[in-house]
Amino acid sequence: MKSNTEKFGKTPHQPSLWTRADALKVHADDPTTTQPLVSANFPVLSNEVFIWDTMPLRDMDGNITSVDGWSVIFTLTADRHPNDPQYIDENGNYDITRDWNDRHGRAKMYYWFSRTGKDWKLGGRVMAEGVSPTVREWAGTPILLNEQGEVDLYYTAVTPGATIVKVRGRVVTTEHGVSMVGFEKVKPLFEADGKMYQTEAQNPFWGFRDPWPFRDPNDGKLYMLFEGNVAGERSSHKVGKAEIGNVPPGYEDVGNSRFQTACVGIAVARDEDGDDWEMLPPLLTAVGVNDQTERPHFVFQDGKYYLFTISHTFTYADGVTGPDGVYGFVADSLFGPYVPLNGSGLVLGNPSSQPFQTYSHCVMPNGLVTSFIDSVPTDESGTQTRIGGTEAPTVEIKIKGQQTFVVAEYDYGYIPPMLDVTLK
Ligand code: FRU
């Protein structure tokens, strides 16, 4: 395999590495980086649909924005099938676990609104059936563009392929609620190139998704983060000294960790509207450490770039592990170098007694972290679980330099606005 310098060139930057040595510092159940236990008695947002990835409406600078006093979130959503024979087991019971596990294949973008930043009311589907060019509508970011209520929804069009796309529409409010109008013309933006970012042809398990556009507070330009894997044929990646880092004697064996090749990608817009993008080398790579760095996003605080990304236990490489949750890295400038927060990268993980209680965390600039409930044990042994498909309690973290601390917990799905825009 080519070295980073050969693959990514000398300019404009070299990716920062999340090393195996960093990951060895990840420890579940540290109370400062562990999400409080979620009770199995949680309320569900809807008995008709499952929701998971939650995407609060925001502006290009990252501020969570309400419109005319209405908070708005977008969610990946799939129908629940309690009466569909396909999901009835041999005892005549609804197999909710199988229904839930199948959700990714029928994910659609829906929106919800609220006066209180919680108790969300279902608005409906953002795009009519047939508008999106592929079967799956996967995660992305809704951006409020102006006081006319124009919204650019960046998302991932998946199956066939995986393309970062956007669709423009408008948010309309009344005294009684919110609707999304337009969202009729989906514009493909870019796909993995096989040179910096792995393609499906190079690896059928590739990841290329989850666009998160933003304006850099320092240079004012429009960029976009996304999830990727480092380019190259599956199994061809080398886990060398740089990827291993400074490990103690006995920790040099990397096993099969060459199969784990996650990265956080970045692209820069060539225009002000965000219609024309150029991919740049990844900001961060996790070769030999983890195979998925999903839904990457930033918090800009104290003149620093706090880069957050979600990851799983099952996507860790041989010899390293950590909880499902959100991980973070910090740099003084956009292109790094990034260092793992808390030494390890772990910011907010599930407790080991409830390893799947939540996922898909999004850290907002006010320190609040939203996520969804996946499954929560209902008995001591953890063999019986209750499937969520709904909003988890919001958690607050404090970010201080290179450290983070869990400090508070709020209601389910509490996503208060940071600013309100009055529509003209
Ligand atoms: C995170 C995620 C995203 C993806 C979506 C698919 O929960 O895996 O990366 O866009 O879910 O359902």
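Only heavy atoms go into these numbers, but all of them, side chains included; no hydrogens, no water, no symmetry mates. Just so it is clear, the structure is predicted and the values come from calculations on it, not from any experiment.
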- Message: List the residues meeting side chain to side chain contact (heavy atoms under 4.5 Å, CB included) with Pro82, not counting sequence neighbours, and say none if there are none.
- Response: Arg80, Tyr94
- Can you name the residues that form a side chain to side chain contact (heavy atoms under 4.5 Å, CB included) with Asp379, not counting sequence neighbours? Ser381, Thr383, Gln384
Donor-acceptor list for residues 203-210 side chains, cut-off 3.5 Å, not counting sequence neighbours:
residue: Asn203; atom: OD1; partner: Phe205; partner atom: N; Å: 2.8
residue: Asn203; atom: ND2; partner: Gln198; partner atom: OE1; Å: 3.1
residue: Arg209; atom: NE; partner: Glu227; partner atom: OE1; Å: 3.0
residue: Arg209; atom: NH2; partner: Glu227; partner atom: OE2; Å: 3.4
residue: Arg209; atom: NH2; partner: Glu294; partner atom: OE2; Å: 2.6
residue: Asp210; atom: OD2; partner: Arg295; partner atom: N; Å: 3.0

- Task: List the steps and the verdict of side chain to side chain contact (heavy atoms under 4.5 Å, CB included) for Ile387 and Phe50.
- Result: CA-CA 10 Å; Ile387 295 290; Phe50 294 122; 4.2 Å; yes
- Query: What distance separates Ser371 OG from Asp53 CG, expressed to the nearest 0.5 Å?
  - Reply: 10.5 Å
- OH on Tyr327 to OG1 on Thr309, rounded to 0.5 Å: 10.5 Å
[X]-[Y] side chain donor-acceptor pair, cut-off 3.5 Å:
| X | Y | result |
| --- | --- | --- |
| Asp324 | Thr313 | yes |
| Thr32 | Asp30 | yes |
| Asn256 | Arg258 | yes |
| Asp29 | Thr34 | no |
| Asn290 | Thr315 | yes |
| His237 | Glu243 | no |

Salt-bridge contact [X]-[Y] (side-chain N to carboxylate O under 4.0 Å):
| X | Y | value |
| --- | --- | --- |
| Arg20 | Asp318 | no |
| Lys166 | Asp275 | yes |
| Arg215 | Glu272 | yes |

- Task: Look at the rings of Phe190 and Trp277 and say which category their plane angle falls in: under 30° parallel, 30 to 60° tilted, over 60° perpendicular.
- Result: tilted
- Item | Parallel, tilted or perpendicular: ring planes of Phe298 versus Trp212, cut at 30 and 60 degrees | perpendicular
Would you list the pairs meeting salt bridge (Lys or Arg N to Asp or Glu O under 4.0 Å) in which at least one residue belongs to [range], sequence neighbours left out?
| range | answer |
| --- | --- |
| residues 182-194 | none |
| residues 330-340 | Lys304-Asp332 |
| residues 57-66 | none |
| residues 383-398 | Glu396-Lys398 |

- Message: Surrounding CD of Gln402 (heavy atoms of other residues, nucleotides or ligands, distance under 6.0 Å), is the total greater than 12?
- Response: no
- Under the side chain to side chain contact (heavy atoms under 4.5 Å, CB included) criterion, do Tyr111 and Ser179 qualify, and how do the steps go? CA-CA 9 Å; Tyr111 70 96; Ser179 41; 3.7 Å; yes
Side chains of residues 335-349: which donor-acceptor partners sit under 3.5 Å, not counting sequence neighbours?
residue: Tyr338; atom: OH; partner: Leu334; partner atom: O; Å: 2.7
residue: Asn342; atom: OD1; partner: Thr404; partner atom: N; Å: 2.8
residue: Asn342; atom: ND2; partner: Leu346; partner atom: O; Å: 2.9
residue: Asn342; atom: ND2; partner: Thr404; partner atom: OG1; Å: 2.8
residue: Ser344; atom: OG; partner: Leu346; partner atom: N; Å: 3.0

- Query: Are any of the side-chain heavy atoms of Met55 and Thr141 separated by less than 4.5 Å?
  - Reply: no
- Quick one: which residue pairs count as a ring-ring contact (aromatic ring centres under 6.0 Å, His included) with a foot in residues 147-187, not counting sequence neighbours? none
- Task: In sequence, state the C-alpha distance, the side-chain angles, and the governing distance for Ser114 and Asp119, and then conclude on side chain to side chain donor-acceptor pair (under 3.5 Å).
- Result: CA-CA 6 Å; Ser114 154; Asp119 305 316; over 6 Å; no
- Item | Summary of side chain to side chain donor-acceptor pair (under 3.5 Å) pairs that have at least one residue in residues 37-49, sequence neighbours excluded | none
- Item | side-chain hydrogen bond (donor to acceptor under 3.5 Å, both in side chains) involving Thr159 - partner list, sequence neighbours excluded | Arg136
- With Gln354, which residues qualify under side-chain hydrogen bond (donor to acceptor under 3.5 Å, both in side chains), at least two apart? Gln357
- Between Tyr305 and Phe300, does the ring centre distance come in under 6.0 Å? yes
- Does the separation of the ring centres of Trp52 and Tyr359 fall below 6.0 angstrom? no
